[in-house]
Amino acid sequence: MSDMQLAAWTHNVVRSSIQDMLVMTARPDIISFALGLPSPALFPTSDIAEALSTTLATQANALQYGPPTSSLKRQIVDLMRHRGVRCREEQIFLTTGAQQGMNLLARLLVNPGDPVLVEHMTYSGFQQAVAPCAPRLVAVPTDLETGMDVDAVERMLQEGLCPACCYTVPAGHNPCGVSMGMAQRAKLVALARKYQFPIIEDDVYGFLAYENTDLPPLRSLEEDWVLYMGSFSKILAPGLRVGWMVVPESLIPYLAITKEASDIDTATLAQRSVETYLAQGKLLPHIARLCDAYRERRDAMLAVLHNHMPADARWSVPTNGMFIWVELPAGYDTELVLKRAIDQEGIFFLPGKAFAVVESADARRCMRLNFSNCSLEQITEGIVRLGRVVVDSKSEEICSTRRI
Ligand SMILES: Cc1ncc(COP(=O)(O)O)c(C=O)c1O
């Protein structure tokens, strides 16, 4: 490395051994439960191909730079109605995936040193997005049945905390696989109103719903203080890189300037092809098919976990999304379990440490398992093998006795 001086925030960046190991997930002999990938077998490839070619054939400007298309925004207003959210076209801001949405919002909301409310286990993409703003992350626990500990949030606010924003994934939490309970939702938005802080609601898994829980998005409970992020990545295809936000109209000019500096436009061809696809009325039936397939995979994984994990392990039972969060008994170190799972059984998952805002023994004994990307056969075979590693590790050195 040369003597080039990088910005101060880069000094805290640690190279992750997990990133190095992830290269291995491409090996054909590995069964990977690591990433939040949709199932490639379920991509509606021919419908997307048709939408692309129709778009190219009928829209002269589809390959030009182009402003956000109003017709796609109108389609999204309709789609949001199916999530129970009422909004207007003027409140929709198109993004290059939800990941860009959180980058833009972080830049608009967070000054260096500002407290940002998150959970002990937080989507690593949000941690990365906010890191250049040099925030002070303030974390509360997540309950595996009811989600974010909103009482802990209230206590912090009563003690004087003034967060620049609060980030959460209320439906199908990544990584914990839980959906926030109704009482917690109502209380969190009431707190945002009372203490006047914005909530970034990451709802990329909201449409992937496996039970009729009728839990409303936070945005449907509060319009001014909830900044909603949605995405076509998990419900159509992540390669399109099209997402959206629903925000108060007053924020749109600031977002537009920040986005222009970031990537000028969301890819015109992708935007317009998504719009063509939506106009054909194909998305909702496709989402219904995805939910059926992912529900089956979730149930298969839960059943094998039940039979092959230690009796004192616990895990979330997700109503939404793509992940099951497993808490092994005290003393386990899932980074060490992962090394052995790869070497001995060809299994990959992400250890809790990858999401921990602050390292702890509790984070070290957890792992996140994705159930959307593998076939039913791979899920059954893979969890049996993983269970073997976990059980074998129990009485050995891998079951660390370190304390921090
Ligand atoms: C919680 C969460 N938010 C956002 C994203 C990124 O979504 P997008 O592909 O729309 O940028 C992911 C991707 O895994 C995610 O899990």
Side-chain angles (χ1 to χ4, degrees), residues 18-19 22 25 32-40 43 48 68 72 76 79-80 83 92-106 116 118-131 142 147-148 165-180 199-209 217-219 226-246 255 259 262-263 266-267 270-271 274 283 287 290 294 316 318-325 349-350 352 354-357 368-373:
I18 293 161
Q19 290 297 331
L22 276 173
T25 58
S32 175
F33 301 123
L35 300 176
L37 304 180
S39 166
F43 288 144
I48 292 177
L72 177 54
I76 291 172
L79 191 60
M80 290 308 304
R83 264 313 269 136
I92 305 288
F93 188 83
L94 299 178
T95 59
T96 302
Q99 190 62 38
Q100 182 180 52
M102 58 189 94
N103 265 280
L104 301 182
L105 289 176
V116 168
V118 291
E119 288 155 88
H120 286 168
M121 300 298 156
T122 289
Y123 169 54
S124 44
F126 178 76
Q127 297 186 50
Q128 288 164 350
V130 80
T142 306
M148 186 181 223
C165 60
C166 164
Y167 167 83
T168 188
V169 188
H173 189 278
N174 182 0
C176 295
V178 56
S179 293
M180 194 187 283
I199 300 171
I200 302 178
E201 176 177 32
D202 185 340
D203 196 42
V204 298
Y205 300 110
F207 282 97
L208 294 181
L218 303 179
R219 173 58 177 69
V226 176
L227 313 175
Y228 176 100
M229 296 192 311
S231 174
F232 291 103
S233 288
K234 313 293 180 178
I235 53 176
L236 188 52
L240 292 164
R241 308 304 305 133
V242 182
W244 71 92
M245 291 195 271
V246 184
L255 285 168
K259 178 169 167 68
S262 163
D263 68 350
T266 296
Q271 268 186 66
V274 169
L283 185 64
I287 293 175
L290 286 180
Y294 291 161
S316 53
T319 59
N320 285 69
M322 299 184 162
F323 307 108
I324 295 176
W325 182 251
F349 61 85
L350 283 187
F355 306 95
V357 169
R368 188 192 77 173
L369 302 176
N370 165 269
F371 58 82
S372 56
N373 185 241

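Atoms within a ligand are numbered from 1 in the order they appear, just like the ligands themselves. As the structure is a prediction and not an experimental result, all values here were calculated from the model. All values below come from the heavy atoms of this structure, side chains included, with hydrogens, waters and symmetry mates left out.
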Item checked: Check: S179 side chain, G172 main-chain N or O, donor-acceptor pair, under 3.5 Å -> yes
Margin query: Keeping N370 on the side-chain end and G36 on the backbone end, is there a donor-acceptor pair under 3.5 Å?
Written below: no
Within ligand 1, which atoms have a heavy atom of [X] less than 4.0 Å away?
{"X": "Y205", "answer": "1 (C), 14 (O), 15 (C), 16 (O)"}
{"X": "R241", "answer": "8 (P), 9 (O), 11 (O)"}
{"X": "S233", "answer": "8 (P), 9 (O), 10 (O)"}
{"X": "S231", "answer": "8 (P), 10 (O)"}
{"X": "M102", "answer": "3 (N), 4 (C)"}

Next item on the list: Identify, for atom 5 (C) of ligand 1, the protein heavy atom at the shortest distance, and state residue, atom and that distance.
Entry: Y123 OH, 3.3 Å
Margin query: Among all protein heavy atoms in this structure, tell me which lies nearest to atom 3 (N) of ligand 1, with the distance rounded to 0.1 Å.
Written below: D202 OD2, 2.6 Å
Checklist line | Exercise: do T95 and R241 side chains pair donor with acceptor under 3.5 Å | finding: no
Item checked: Closest non-hydrogen atom pair, L218 against E201 -> N-OE2, 2.6 Å
Checklist line | CA sep, side-chain torsions, deciding dist, call: D202, F126, side chain to side chain contact (heavy atoms under 4.5 Å, CB included) | finding: CA-CA 10 Å; D202 185 340; F126 178 76; over 6 Å; no
Check: Applying a 4.0 Å heavy-atom criterion (strictly less than), which segment of K234 is in contact with ligand 1: side chain, backbone, both, or neither?
Finding: side chain
Check: Which distance, rounded to the nearest 0.5 Å, do you find between the CH2 of W325 and the CG of L350?
Finding: 9.0 Å
Item checked: Nitrogen or oxygen of A98 less than 3.5 angstrom from that of ligand 1 -> yes
Next item on the list: Report the C-alpha separation of M229 and L105 in whole Å, then their side-chain angles, then the decisive distance to 0.1 Å, and conclude whether the side chain to side chain contact (heavy atoms under 4.5 Å, CB included) test is met.
Entry: CA-CA 10 Å; M229 296 192 311; L105 289 176; 4.3 Å; yes
